[in-house]
Amino acid sequence: MSSAGRTPALGIGLGIALVALGIGAYVLSDFASVTALIPAVFGVVIALFGVVGWQTDRQRLAIYGIGALALLGVLGSARGIPDVIALLTGGSVESTVAAVAQGSMILIGLVLLVAVARDLWSGSR
């Protein structure tokens, strides 16, 4: 797989993971909050950008789109960092499901940002 195809393919895979995360969080929260589906919405759009980048000659557009959404996902989930730290250190939180979902969203977003940065860096040489 060429360098230009790696990030779109990763976007498809991690987009699907975000969809599963969002649906899982929604179900595990007993359908209490529609906001649990936010990762799923991000996942669908990231996966669509991945498909565009993989199947067309618009890899650069797809990489920028994936990067922008990953950054928004990380920044939007950043308020959950104290809860994630509390969980990791054995503390208690109001909603374990929300803390795990936000932590996962941050982790997936950071992985995508690293992939985007790698592609943009290698493309500028």
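Given the structure is predicted, the values throughout are model-derived calculations rather than measurements.
Val44 and Val51 are members of different hydrophobic clusters when ILVMFWY side chains are connected at heavy-atom separations under 4.5 Å. Both Phe31 and Val34 are part of a single hydrophobic cluster, where members link through side-chain heavy atoms under 4.5 Å apart. Linking ILVMFWY residues whenever their side-chain heavy atoms come closer than 4.5 Å, directly or via other members, places Val45 and Phe42 in the same cluster. Both Val111 and Phe49 belong to a common hydrophobic cluster when Ile, Leu, Val, Met, Phe, Trp and Tyr are linked at side-chain heavy-atom distances under 4.5 angstrom.
Put simply, OH on Tyr64 and CG on Leu69 are 15.0 Å apart, with the number rounded to the nearest 0.5 Å. Ser77 contributes atom OG, which lies 10.0 Å from atom CG of Leu110 (distance to the nearest 0.5 angstrom). Between the CD atom of Gln102 and the CG atom of Leu107 there is a distance of 13.5 Å, given to the nearest 0.5 Å. Taking CD1 of Ile63 as the reference point, atom OG1 of Thr7 lies at 5.0 Å (rounded to 0.5 Å). The line from CG of Leu113 to CD1 of Ile108 is 12.0 Å long, rounded to the nearest 0.5 Å.
Each of Leu87, Ile81, Leu88, Asp83 was evaluated against Ile85; a single residue qualifies, Ile81, per the side-chain contact (heavy atoms from CB on, under 4.5 Å) test.
A 4.5 Å side-chain heavy-atom check between Leu48 and Val52 finds every atom pair outside the cut-off. Within the 4.5 Å cutoff, side-chain heavy atoms of Arg60 are placed close to those of Leu120.
Using modelled atom types, one side-chain atom of Ser122 and one backbone atom of Asp119 make a donor-acceptor pair closer than 3.5 Å.
Residues Ser95 and Ala98 share a closest heavy-atom pair of OG-N, 3.2 Å.
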Donor-acceptor pairs under 3.5 Å, side chain of residues 8-28 to any protein atom, not counting sequence neighbours: which ones?
none

